[in-house]
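Only one structure is covered here, and it is reproduced in the block below.
On a predicted model such as this, the values are computed, not experimentally measured, just so you know. Because only heavy atoms are used, hydrogens play no part in the values below, and waters and symmetry mates are left out as well, while side chains stay in. Numbering of residues begins at 1 and proceeds along the displayed sequence.
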Amino acid sequence: MIRRRMVFEAVAYASWWPMVQSGTQREESVRRLAAWAAAGFAAGFVSTLVFHQPVLAVLHGLGLTNRTAFRFVLVPPLGLPDILSLAFWGGLWGSALAVAQHRLGRCRGDFGSALLLGAIVPSLGTWFVSAPLHGYGLGGGWYGAEMLTSLLVNAAWGLGTALLLRRLPGAGSLSRQ
């Protein structure tokens, strides 16, 4: 009887099984996750402007890509400048990165996972979702230089997002408990 009770209590307090958590524990877990998502959005948005676009400008300056940085061309559907659209998507990807790192137990911006997730996941999204939707075909036509450009600028974005997550005020209070 005592052994069964100890097992139940251990399971009841495990944060990975929210169905047995008390209402207060669940609310705290959701609040912490929402705070991580908001911090990730802010970090991803700023990282697009401070890390992603400067790396793109350098690669364009070296002649490795035709894409230019800090474009203010209006893009559909909302007619916003391209740079704001990119920064918004950077914020959404930043939320996903922060929540993924939080769920993996890598709080406050782990650089290794940020580099991997930042380089690979948004690049795959661009190649297999965004490019075909914009009429460029899968992989944007499979041009090696453009694919390398995607990986490099997104890796810079991921590292920048992790760095900003570490530097955000109050980020220490968001650590996993």
Practice task
Mark yes or no for whether Trp157, through its side chain, and Gly44, through its backbone, hold a donor-acceptor pair below 3.5 Å.
Solution key: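 Looks like yes, one N/O pair under 3.5 Å.
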Handout entry: Co-members of Val129 in a cluster of I, L, V, M, F, W and Y side chains, linked at under 4.5 Å
Key =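 Joined to Val129, directly or through intermediates: Leu133.
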Exercise for the section: Quick one: name the residues clustered hydrophobically with Val73, using the 4.5 Å side-chain heavy-atom rule over I, L, V, M, F, W, Y, and just say none if it's on its own. Expected result: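 Members other than Val73 - counting any ILVMFWY side chain reachable under 4.5 Å - there are none.
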Where do [X] and [Y] come nearest, in terms of heavy atoms and distance?
X: Ala114; Y: Gly158; value: CB-O, 3.4 Å
X: Ser47; Y: Ala156; value: OG-O, 4.3 Å
X: Pro122; Y: Leu117; value: CD-O, 3.1 Å

Problem - Pairwise side-chain hydrogen bond (donor to acceptor under 3.5 Å, both in side chains) hits with a residue in residues 84-94, at least two apart - result: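 The answer is none; no pair qualifies.
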Exercise for the section: Output every pair passing side-chain hydrogen bond (donor to acceptor under 3.5 Å, both in side chains) with a member in residues 116-131, not counting sequence neighbours, ordered by first then second residue. Expected result: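 Qualifying pairs: Ser123-Asn154, Ser130-His134.
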Problem - side-chain contact (heavy atoms from CB on, under 4.5 Å) involving Ala37 - partner list, sequence neighbours excluded - result: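 Partners of Ala37 by the side-chain contact (heavy atoms from CB on, under 4.5 Å) criterion, ordered by chain and then number, come out as Ser95, Val99.
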Handout entry: Verdict with supporting geometry, Phe88 and Thr48, side chain to side chain contact (heavy atoms under 4.5 Å, CB included)
Key = CA-CA 9 Å; Phe88 173 76; Thr48 301; over 6 Å; no
Handout entry: Short N-O contact, Arg32 and Glu28, less than 4.0 angstrom
Key =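 Yes, charged N to carboxylate O under 4.0 Å.
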Exercise for the section: Please round to the nearest 0.5 Å and tell me the distance separating atom CZ of Phe45 and atom CG of Leu84. Expected result: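 Answer for the CZ-CG pair, Phe45 versus Leu84, is 5.5 Å.
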Taking distance alone, no hydrogens or angles, what donor-acceptor pairs closer than 3.5 Å link side-chain atoms of residues 49-64 to residues at least two apart or in another chain?
residue, atom, partner, partner atom, Å
Gln53, OE1, Phe70, N, 2.7
His60, ND1, Thr65, O, 3.1
His60, ND1, Arg67, O, 3.1

